[in-house]
Amino acid sequence: MRRDLGGLALLFLMPMLLIMIMALVQDGPFKDYKDRKFETLLLDQDHGKVASEIKKGLLASNQFDVVDSIDGKEVDLKLVKEKIQSGSFQFAICIKKGISAEIINSGNIIANQIGKKIGIAGTLPHRESRDSMNIELMFDPVSKPAFKIAITNAVEKLIQKAQSEIVLERIAGLSPEQSSDSSFDFEKTLRQVGVQEISSQNNNAAISKMNSVQHNVPAWAIFGMFFMIIIISESMISERLSGSWTRIKLIPGSFSHILFGKLFFYVVLGIIQFYLMLLVGVFVMPLLGLDAMQLNHSPLVLLFFVSCISTCAVSYGILLGMLFNSSNQALPVAAISVVILSAIGGVWVPVEVLPPLLKTFLLYRLCVGACKASIPFYCDKASSSILPFRPYCFCWVLRSVYW
Amino acid sequence: MVPQQIALYPTLSCSENLMYFGKLYDIQPQTLKNLIAQYLHDFGLEEHAHKQIKHFSGGMKRRTNIIASLLNNPTLLILDEPTAGVDVHSRNMILSFLKQYNAAGNSIMYTSHLLEEAEVICHEVLIIDQGKKIAQGNPKTLVKNHAVGNLEELFLQLTGNTVRD
């Protein structure tokens, strides 16, 4: 063990370090917007009901901290722009003067129309609606489109709620003698029909959350398994250069047995390495303030995937070892090709966001399968995706061995 | 076959290397251990059995390289310059062993640039120059027939004195 500490570090410590750093780095981007709290800059030039409703709604959601004054001074448009451009705030809501009045005017128009239809006498004062009144959202220029859409939807929902309440108040104002029921819970009534996420799995399993750990631990553990190709190819090249290879080939008996013996050893090593990384995901990640890795309930499926990945990694190492004449040639190719394969294999980003062209590559299925086999809610999908791929996997192995 | 390169694993010890190659020959573990112990004794390496090859001198590496090829008791042993770059003692030990091995009824095919070695240990030599055979026979007979002092003189006589690249 002490003889090759560098090799051991390459096989176990480096992947461990890699998955920990990658999970930490990608924790922010991976976090669901629901899990984050945003500081929101609110520019209220209206000082009416709409602004107070939006502020109340944002605070009630527990996702937003609303800031409408800085250093005791109410924010103005210039300051809002400065703060957004400097990145101090990711977005700002600007409520221009007259927004509440416009919504109340719209409410009056709607209430008058409804009152006329249901036979309530009396009209509320109103004027012609203006088209150009908007509540404005200002985003940090680097904000992602998905973030903008999520925030826009959230604010629109709050505006609609404020509008609905105003309309109801206005309708009630048409006949003041019939005072509205103060115990009526408007929000609760609106929430009678909502939206709820359910599990796609048959056994009604709890809905698992995709997070940085769930993606990064299996993905980079697979990447780490491919570190082995550097060791294997270098060892094979030095064996060949030193003449050990010739000595081994001259030994009576089948050369394939010896080669498969080497392959088996490294495959087992790769499997051990992968499971060690999963243990890091389960036990070490929480110590770093991340979520613990959730493993699926089909250990055999996972073992099958990991064995295939490890076999491919080792075969690829053998292939490079046979193909190149020196470590100087093999190592850059090994390192760069692993990065390329991992990119098209769904290691860098979930495969769902890869362009269609890259999805057509054969190799991605195996890596994706293994990633998904580690994750509970992907288990069934993974097992079906690997089956058509098996022949390619074993062809690759055979081709490497008999090169 | 004993390759010219040191065909051993530098991070493994001498005995680990021999055990590895011996196991590939499918030799029973106990037989293999005894065989290795015997050869290590014969080649003066028993004290260094557990040292890593990378810490060996050139001569020790050469001797281990030869032992690794002897483990399956080959009746024909092919050696490619087994004394290249070794000290005088190691060279003497290797040549003495080869004589004994040959005397025990085994054949040896020995490739070398050192013609005096061939003259000492070979019953028959084949001299090749630029891929072509230029002489073949018993060393003493060849020397006598060409009226030269030794094989080296014979080689120069047959090939000329110019330097070859």
Side-chain angles (χ1 to χ4, degrees), chain A residues 1-14 227-266 268-269 314 317-318 321-322 324-331 401, chain B residues 1-28 32 35-36 39 49-56 58 60-85 108-109 111:
Chain A
M1 292 273 271
R2 280 179 297 163
R3 287 178 200 167
D4 194 10
L5 289 174
L8 281 175
L10 190 67
L11 278 177
F12 296 108
L13 285 181
M14 290 291 281
F227 283 2
M228 223 164 18
I229 67 169
I230 293 171
I231 294 172
I232 297 169
S233 56
E234 196 184 7
S235 137
M236 290 194 67
I237 288 167
S238 57
E239 271 183 338
R240 223 173 46 240
L241 295 177
S242 74
S244 310
W245 196 248
T246 313
R247 193 196 284 285
I248 291 170
K249 284 182 103 169
L250 287 171
I251 288 170
S254 170
F255 180 60
S256 304
H257 289 169
I258 293 167
L259 214 49
F260 275 112
K262 276 177 181 282
L263 190 111
F264 179 75
F265 169 77
Y266 283 114
V268 172
L269 200 64
V314 176
I318 293 175
M322 300 298 256
F324 293 101
N325 296 321
S326 74
S327 302
N328 289 343
Q329 292 173 335
L331 295 189
V401 168
Chain B
M1 183 190 166
V2 181
Q4 187 179 0
Q5 305 102 310
I6 305 298
L8 301 166
Y9 296 98
T11 52
L12 296 184
S13 71
C14 174
S15 59
E16 284 169 342
N17 265 289
L18 298 175
M19 283 298 287
Y20 174 69
F21 287 114
K23 281 180 181 171
L24 292 182
Y25 282 119
D26 210 16
I27 302 170
Q28 292 299 313
L32 183 60
L35 202 60
I36 290 171
Y39 279 128
H50 301 294
K51 277 188 193 167
Q52 285 176 260
I53 293 294
K54 66 180 179 185
H55 298 307
F56 272 22
M60 290 157 79
K61 285 178 186 170
R62 284 273 165 218
R63 282 180 271 158
T64 314
N65 203 28
I66 293 172
I67 297 173
S69 302
L70 294 170
L71 295 172
N72 64 332
N73 292 318
T75 51
L76 171 62
L77 183 64
I78 301 169
L79 299 105
D80 187 5
E81 304 211 36
T83 57
I108 295 174
M109 187 185 282
T111 314

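Protein chains get the first letters and strands the later ones, always in sequence-line order, with residue 1 at the start of each.
For the residue pair A/Gly243 and B/Ala7, the shortest heavy atom distance occurs at C-CB, 3.3 Å. Heavy-atom minimum distance, B/Leu8 versus A/Arg247: CD2-NH2, 4.4 Å. Minimum interatomic distance between A/Ile251 and B/Phe21 (heavy atoms only, all atoms of both residues): CD1-O, 4.3 Å. Considering every non-hydrogen atom in both B/Met1 and A/Leu250, the closest pair reads SD-CD1, 3.4 Å.
To the nearest 0.5 Å, atom CG of residue B/Leu24 and atom CD1 of residue A/Ile248 are 6.0 Å apart.
Remark: B/Asn73 CG is packed, more than 12 non-hydrogen atoms of other residues, nucleotides or ligands lying under 6.0 Å away. At most 12 non-hydrogen atoms from other residues, nucleotides or ligands lie less than 6.0 angstrom from CZ of A/Phe264. In A/Gln329, the CD atom is crowded: over 12 heavy atoms of neighbouring residues, nucleotides or ligands sit closer than 6.0 Å. Heavy atoms of other residues, nucleotides or ligands lying less than 6.0 angstrom from NE2 of A/His257 number 12 at most.
Every residue meeting the salt bridge (Lys or Arg N to Asp or Glu O under 4.0 Å) condition with A/Glu239, not counting sequence neighbours, appears here in chain and number order: A/Lys262. In this structure B/Lys61 satisfies the side chain to side chain donor-acceptor pair (under 3.5 Å) test with no other residue, sequence neighbours excluded.
Contacts of B/Ile6 with chain A are made by backbone atoms alone, with heavy-atom separations under 4.5 Å and no side-chain atom involved. Looking at B/Asn65, the atoms closer than 4.5 Å to chain A (heavy atoms on both sides) sit in the backbone and in the side chain alike.
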